[in-house]
Amino acid sequence: MYYPFFDTTFLILVPAVILSLWAQISIKSTFQKYSRVSAHGGLTASTLARKLLDGYGLQNIPVERVGGNLTDHYDPARKVLRLSDSVYGSNSIAAIGVAAHETGHAVQDLKGYAPLRIRNAVVPVVGIGSTLSMPLFFIGLLMRSPFMMNLGIIFFLGVLSFHLVTLPVELDASARALRMLGTTNSLTTSELRGARKVLRAAAMTYVAATLMALLQLVRLLVLRGAVGGRDD
Ligand SMILES: [Zn+2]
């Protein structure tokens, strides 16, 4: 029998929970700090994104404004770069860093960067995986059905693979961002250091999410091992 209230395997997740809390605090405070520092060039993030995109011949990609906080993203399906309210019209180092990062994703798309293509391909499957994996697994655990638990684990592997492929996509977009900001002289050397801090803090949230998924898999395997082999 499985007693959910005595399930101590959730303790396996503790390092990931701590890391993601720390990453959340870190991105908020770093972003806030560099949101108050204007870049010397005076261009707003949206103007700069436009300029950087044009530099790559990506005049066809519009730069749009989107509501919310830290909702900035490049949409590879619609080929649109969207910057959030606090970034779009700002000329802060943080906003410039974010705009260049999203431009980095557009450039990945242009160059056919493999991890991005893999990520786009797994996205539709991941939705199903993240909805079904946990219910399948824990119902399987309650019913002592190794088959259902295995099915839950297989769906969860889809979720984990998404996190594993997201990590290089994000790190590469930030590396491209810092390179293009440097080569176009959009930021000075000391401003670049600030932008790097913002992008590193953002990357930590992806590292934390990946660690969480990895440890969650370990936890599922531990629980699965406790149930044993056959359906009964
Ligand atoms: Zn990104």
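Counting only distance, with no hydrogens or angles, the side chain of Gln108 and the backbone of Val169 share a donor-acceptor pair below 3.5 Å. With hydrogens and angles ignored, the 3.5 Å screen pairs no side-chain donor or acceptor of Thr47 with any backbone N or O of Leu43. Looking only at distances, a side-chain donor or acceptor of Ser46 sits under 3.5 Å from a matching main-chain atom of Tyr88. Judged purely by atom type and a 3.5 angstrom limit, Gln32 has no side-chain atom pairing as donor or acceptor with the backbone of Ser29. Proximity of a side-chain donor or acceptor of Asp72 to a complementary backbone N or O of Ser84 within less than 3.5 Å is detected. Here the side chain of Glu170 pairs no donor or acceptor atom with the backbone of Tyr206 at under 3.5 angstrom. Using a distance-only test at 3.5 Å, with no hydrogens or angles considered, a donor-acceptor pair links the side chain of Thr184 to the main chain of Met180.
Between Ala99 and Leu83 the shortest heavy-atom distance is CA-CD2, 4.0 Å. The minimum heavy-atom distance between Asp85 and Arg65, with the atom names listed, is OD1-NE, 3.0 Å.
With respect to Arg50 and Asp54, a salt bridge is recorded, a charged nitrogen being found less than 4.0 Å from a carboxylate O.
With rounding to the nearest 0.5 Å, the separation of OG in Ser90 from OH in Tyr34 is 14.5 Å. Here the CZ atom belonging to Arg176 is positioned 7.5 Å from the OH atom belonging to Tyr56, to the nearest 0.5 angstrom. To the nearest 0.5 Å, atom NE2 of residue His105 and atom CG of residue Leu116 are 7.5 Å apart. Atom CZ in Arg196 sits 10.5 Å away from atom CG in Leu187 (nearest 0.5 Å).
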**Request:** Go through the steps for Ile27 and Met204 under the test side chain to side chain contact (heavy atoms under 4.5 Å, CB included), then give the verdict.
**Result:** CA-CA 8 Å; Ile27 180 65; Met204 276 318 289; over 6 Å; no
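Side chains of His73 and Glu102: a donor-acceptor N/O pair is absent below 3.5 angstrom, by distance only.
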